[in-house]
Amino acid sequence: MTIAETTVRETGQDFIRDIVRADLASGRHKTIVTRFPPEPNGYLHIGHAKSICLNFGIAEEFGGRCHLRFDDTNPIKEEQEYIEAIKQDVRWLGFDWGEHLYHASDYFEQLYAWAEHLIRAGKAYVDDQTQEEMRATRGTLTEAGTESPYRRRSVAENLDLFRRMRAGEFPNGARVLRAKIDMASGNINLRDPVLYRILHAEHPRTGRAWCIYPSYDFAHGQSDAIEGITHSICTLEFEDHRPLYDWLLDSLPVPSHPHQYEFARLNLTYTVLSKRVLTELVRGGHVTGWDDPRMPTLAGLRRRGVPPTAIRDFVKRIGVAKANSIVDMAMLEFSIREHLNKTARRRMAVLRPLKVVIENYPEGANEEVEALNHPDDPAAGTRRVPFGRELFIEHDDFLENPPKKFFRLAPGREVRLRYAYFITCREVIKNSAGEVTELRCSYDPATKGGNAPDGRKVQATLHWVSAKDSRPAEVRLYNPLFTRPDPNAGSFAADLNSNSLEVLVAVRVEPALFNARAGEAVQFERQGYFCRDSDSTPERLVFNRTVGLRDTWAKVGKSNT
RNA sequence: UGGGGCGUAGCCAAGUGGUAAGGCAGCGGAUUUUGAUUCCGCCAUGCGGAGGUUCGAAUCCUCCCGCCCCAGCCA
């Protein structure tokens with residue numbers, strides 16, 4: 001493959017970018033304008049990240065622009081809190097809408113005028129049927145619907161009624177404005193869809209100015225047209241709304257006629273990406289909030305320590321297509337580890353401490369060893385780590401009766417303490433329950449720094465902390481929120497993982513971690529990537545495990561037992 | 001049984017008539033003061049199935065099978 005071809009691949013190749021490229025080449029468009037149009041009724045999640053990266057990414061790559069537009073047409077569900085959170089999350093992901101921040105509600109007056117235009121053209125009418133009557137007359141998937149008795153109202157009567165709807169003369173649900181299309185269409189979206197409904201409700205932006213609100217279908221395409229969007233990209237479930245999208249634009253004196261393209265939304269194993277379910281997880285107290293580190297929300301991923309670049313890399317890797325799919329969580333984890341491996345400073349922390357006393361180490365001696373901050377990046381420098389007669393090592397790193405391929409500490413066996421000395425286990429101390437509580441070891445002063453002058457080798461290198469110089473901390477380990485790779489969104493409660501949070505309260509961390517900054521990723525050597533949680537106080541450090549390291553031994557160990 | 005889509009490896013995904021990219025996972029091996037990282041190698045005689053067209057088919061045609069979406073005054 002030539003360098004040129006490689007470059008093309010790197011920019012990301014998918015059917016939408018193919019269309020954009022072709023539209024540019026043919027001169028159909030001079031500049032590309034896309035938009036990311038969230039409804040402010042919840043927090044953004046990683047599925048939205050796919051859409052954000054697609055829309056802003058295309059704008060970036062082709063020298064166009066991408067608008068951030070809040071699709072705020074349903075005041076009952078929307079809140080200002082969500083608007084602010086969404087803006088923060090898009091920025092965090094690394095995208096900038098510049099001056100192009102819009103709201104569908106900015107266009108309410110224009111949209112209203114276009115509704116009257118449709119009425120005058122005989123293409124819309126006020127329907128007095130109840131919601132139940134409308135449902136009954138819509139027909140079914142296989143049978144045509146029947147026309148409303150109000151469908152043949154005069155233009156004058158429709159106009160009068162619609163104006164009175166706007167004026168607030170009628171209660172919620174009394175009447176709607178409907179497009180007059182085709183009650184027998186195979187496409188149910190074309191069976192006289194509702195364009196406006198009466199909603200006496202406070203809107204986060206327009207307050208009480210309106211008591212009728214446009215439906216998604218009436219607002220979306222026209223908003224696109226007003227903003228000069230060239231490519232209106234949405235998910236697959238809107239595919240059969242496209243004929244309606246086009247019908248409206250063709251029927252109205254809009255300034256442009258954008259085109260809608262659909263792609264498959266993201267699904268992730270062991271995860272649910274449905275705003276309804278995420279909202280229920282929060283409201284039902286199954287998680288601590290929208291930013292709970294177990295949540296697939298951008299706020300949750302951020303708090304967990306996932307870098308935005310890892311999310312962008314992940315999105316690039318999964319591609320954009322029209323086939324429904326479920327992406328393996330391992331792909332996301334790979335992108336996170338890949339980024340963190342390059343950037344995170346290395347530190348030592350013992351998650352489940354086991355005391356080690358070095359019997360031949362001088363009582364009361366003070367010593368520090370020099371440790372690398374990053375093994376592959378000399379520029380990251382080194383730090384001093386206090387060593388001492390009493391240490392903690394990981395409980396998992398000792399086994400009294402080690403199986404065949406266990407390389408770590410065992411009675412009589414010698415291992416290396418990273419950056420320090422070789423030690424040998426001399427004695428195992430147990431409590432009355434027979435549990436190992438302490439190890440008595442000896443060290444070889446000649447191995448300082450971690451190498452034996454006589455060239456002898458050890459099979460394992462362990463992380464450790466000094467007992468008196470380390471501090472206690474809390475560590476939160478996260479597991480998937482769901483027990484099944486494909487949890488049922490309809491009855492998610494049954495698939496909830498009761499072990500999604502594991503709290504370790506007796507963790508010991510080295511001094512370099514005492515001042516860890518919130519949001520700064522560190523690697524706890526041999527454990528994984530962590531970051532200080534916002535729950536931390538000066539007295540009590542709390543760390544989140546972002547993701548563990550790949551653990552080949554865990555697999556070997558499992559198949560061994 | 002209506003309309004709209006989609007089926008390429010365990011999971012994503014390129015491919016648009018010239019003989020199946022890439023990534024993740026997995027499996028071997030080398031290096032290693034993280035059982036990490038890094039590096040090397042392996043992993044679809046096959047593209048939902050059956051026919052057909054063609055010198056040649058994942059790509060074109062026919063029929064069949066499977067999966068997803070649509071019957072909100074949600075988006």
Side-chain angles (χ1 to χ4, degrees), chain A residues 1 5 9 13-14 18 37-39 41 71 73-74 76-77 127 129-131 134-136 138-145 172-178 184-191 193-199 212-213 215-217 219-220 234-243 262 264 269 275-276 314 316-335 337-338 341-342 346 348 371-372 375-376 405-408 416-420 449-451 458-463 485 523-528 548-557:
Chain A
M1 187 183 291
E5 282 167 330
R9 288 263 152 75
Q13 202 68 1
D14 56 69
D18 286 346
E39 182 189 13
N41 67 342
D71 220 336
T73 58
N74 186 354
I76 291 167
K77 291 182 161 187
D127 195 341
Q129 289 186 111
T130 63
Q131 204 163 160
M134 278 187 56
R135 188 183 310 128
R138 188 152 29 230
T140 67
L141 294 180
T142 54
E143 300 161 44
N172 287 357
R175 296 179 221 265
V176 293
L177 182 73
R178 287 231 255 176
S185 173
N187 182 346
I188 291 174
N189 293 294
L190 263 22
R191 320 243 264 228
V194 170
L195 269 19
Y196 268 90
R197 74 280 212 192
I198 299 171
L199 247 30
I212 57 172
Y213 290 92
S215 62
Y216 162 85
D217 287 301
H220 205 96
C234 62
T235 44
L236 252 27
E237 66 269 29
F238 293 102
E239 236 162 354
D240 40 14
H241 287 242
R242 188 170 359 111
E262 310 87 10
T269 56
K275 259 191 209 168
R276 197 206 92 234
F314 166 70
K316 192 181 292 182
R317 283 171 186 278
I318 60 174
V320 178
K322 296 196 73 159
N324 287 312
S325 61
I326 304 178
V327 175
D328 194 330
M329 180 61 98
M331 281 232 220
L332 209 212
E333 292 181 346
F334 176 85
S335 289
R337 287 194 192 100
E338 183 181 53
N341 175 48
K342 289 183 192 138
R346 287 342 64 147
M348 291 198 285
L372 263 22
D376 307 318
K405 281 186 281 190
F406 184 82
F407 299 151
R408 285 111 95 145
R416 172 167 41 230
L417 293 183
R418 183 147 225 221
Y419 300 123
N451 284 304
V458 288
Q459 279 194 109
T461 300
L462 310 186
H463 62 282
Q523 182 193 91
F524 289 179
E525 295 221 33
R526 303 209 302 135
Q527 300 289 323
L549 256 28
R550 266 188 81 228
D551 190 352
T552 311
W553 166 247
K555 288 174 204 154
V556 176

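Chain A is the first sequence line, chain B the second, and so forth, proteins listed ahead of strands; every chain is numbered from 1.
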[N] to [M] separation - [atom1] atoms, rounded to the nearest Å:
| N | M | atom1 | value |
| --- | --- | --- | --- |
| G17(B) | U53(B) | C1' | 12 Å |
| A30(B) | G23(B) | P | 23 Å |
| G52(B) | A58(B) | P | 15 Å |
| C47(B) | C60(B) | C1' | 16 Å |
| C61(B) | C6(B) | P | 14 Å |
| A9(B) | A14(B) | P | 13 Å |
| G48(B) | A20(B) | P | 16 Å |
| A57(B) | G49(B) | C1' | 16 Å |

Strictly by Watson-Crick or wobble contacts shorter than 3.5 Å, is anything paired with [N], and which nucleotide is it?
| N | result |
| --- | --- |
| C67(B) | G5(B) |
| A20(B) | none |
| U53(B) | none |
| C39(B) | G29(B) |
| G72(B) | none |

Using heavy-atom distances to pick each residue's nearest nucleotide on RNA chain B, tell me which of E338(A) and M331(A) is more 5'.
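Mapping each residue to its closest nucleotide by heavy atoms, the 5'-most match is M331(A).
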Between L332(A) and R416(A), which has a closest nucleotide on RNA chain B that is more 5'?
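Checking each residue's closest nucleotide, the 5'-ward one belongs to L332(A).
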Provide, to the nearest angstrom, the distance between the [atom1] atom belonging to [X] and the [atom2] atom belonging to [N].
| X | N | atom1 | atom2 | result |
| --- | --- | --- | --- | --- |
| K342(A) | U37(B) | NZ | P | 13 Å |
| L549(A) | U37(B) | CG | P | 7 Å |
| E333(A) | A25(B) | CD | P | 9 Å |
| R337(A) | U38(B) | CZ | P | 11 Å |
| L417(A) | U34(B) | CG | P | 13 Å |
| E239(A) | G3(B) | CD | C1' | 12 Å |
| I326(A) | A13(B) | CD1 | P | 11 Å |
| D14(A) | G23(B) | CG | P | 19 Å |

What heavy-atom pair brings [X] and [Y] nearest, and what distance separates the two atoms?
| X | Y | value |
| --- | --- | --- |
| I212(A) | I198(A) | CG2-CG1, 4.0 Å |
| M331(A) | V327(A) | CB-CG1, 4.1 Å |
| Y213(A) | T73(A) | CB-O, 3.5 Å |
| N41(A) | K77(A) | CB-O, 3.3 Å |
| R408(A) | A460(A) | CA-CB, 3.9 Å |

Using the side-chain heavy atoms of [X], tell me which of these nucleotides is nearest: [options].
| X | options | value |
| --- | --- | --- |
| D18(A) | G35(B), G15(B), U37(B) | G15(B) |
| S325(A) | G35(B), A13(B), G5(B) | A13(B) |
| N341(A) | A14(B), U37(B), G35(B) | U37(B) |

Side-chain heavy-atom pair L199(A), N74(A) within 4.5 angstrom cut-off
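Result yes, sub-4.5 Å side-chain heavy-atom pair found.
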Quick one: are P485(A) and I326(A) in side-chain contact, heavy atoms under 4.5 Å?
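The answer is no, as the side chains (C-beta and beyond) never meet within the 4.5 Å cut-off.
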Determine the contact category for [X]: base if any of its heavy atoms lies under 4.0 Å from a base atom, sugar-phosphate if only primed atoms, P, OP1 or OP2 are that close, otherwise nothing.
| X | answer |
| --- | --- |
| I318(A) | sugar-phosphate |
| Y419(A) | base |
| V320(A) | sugar-phosphate |
| R346(A) | base |

Please confirm whether any donor atom in the side chain of Q523(A) sits under 3.5 Å from an acceptor in the base of U34(B), or the reverse.
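Under the 3.5 Å cut-off, the side chain and the base do form a donor-acceptor pair.
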Between the base of G35(B) and the side chain of R408(A), is there any donor-acceptor pair under 3.5 Å?
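Counting by modelled atom types and ignoring angles, a donor-acceptor contact under 3.5 Å is found here.
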Within the 4.0 Å limit for protein heavy atoms, which parts of nucleotides 66-75 of chain B are touched? Write it as a string from 5' to 3', B for base, S for sugar-phosphate only, - for none.
--SBBBSBBB
Could you classify G72(B) for me, syn or anti, using a glycosidic angle within 90° of 0 as syn?
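Syn conformation here, the glycosidic angle of G72(B) being no more than 90° from 0.
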Which distance, rounded to the nearest 0.5 Å, do you find between the CG of D376(A) and the NZ of K342(A)?
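Reported value, rounded in 0.5 Å steps: 11.0 Å.
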What distance do L372(A) atom CG and Y419(A) atom OH have between them, rounded to the nearest 0.5 Å?
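Reported to 0.5 Å precision, the distance equals 4.5 Å.
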Please write out each protein N/O paired with an N/O of nucleotides 26-28 of chain B under 3.5 Å, distance rounded to 0.1 Å.
unit_1: G26(B); atom_1: OP1; unit_2: K555(A); atom_2: NZ; d: 2.5

N/O (side chain, R317(A)) to phosphate O (OP1/OP2, A13(B)) under 4.0 Å
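R317(A) to A13(B) OP1/OP2: no side-chain N or O under 4.0 Å.
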List the residues meeting side chain to side chain contact (heavy atoms under 4.5 Å, CB included) with K322(A), not counting sequence neighbours, and say none if there are none.
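Side chain to side chain contact (heavy atoms under 4.5 Å, CB included) list for K322(A), sorted by chain: F15(A), L236(A), E239(A), E262(A).
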Mutual orientation of the aromatic rings belonging to H220(A) and Y216(A) [parallel < 30°, tilted 30-60°, perpendicular > 60°]:
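Geometry flag for Y216(A) against H220(A): tilted rings.
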Between Q527(A) and H463(A), does the side chain to side chain contact (heavy atoms under 4.5 Å, CB included) criterion hold? Intermediate values first, please.
CA-CA 10 Å; Q527(A) 300 289 323; H463(A) 62 282; 3.3 Å; yes
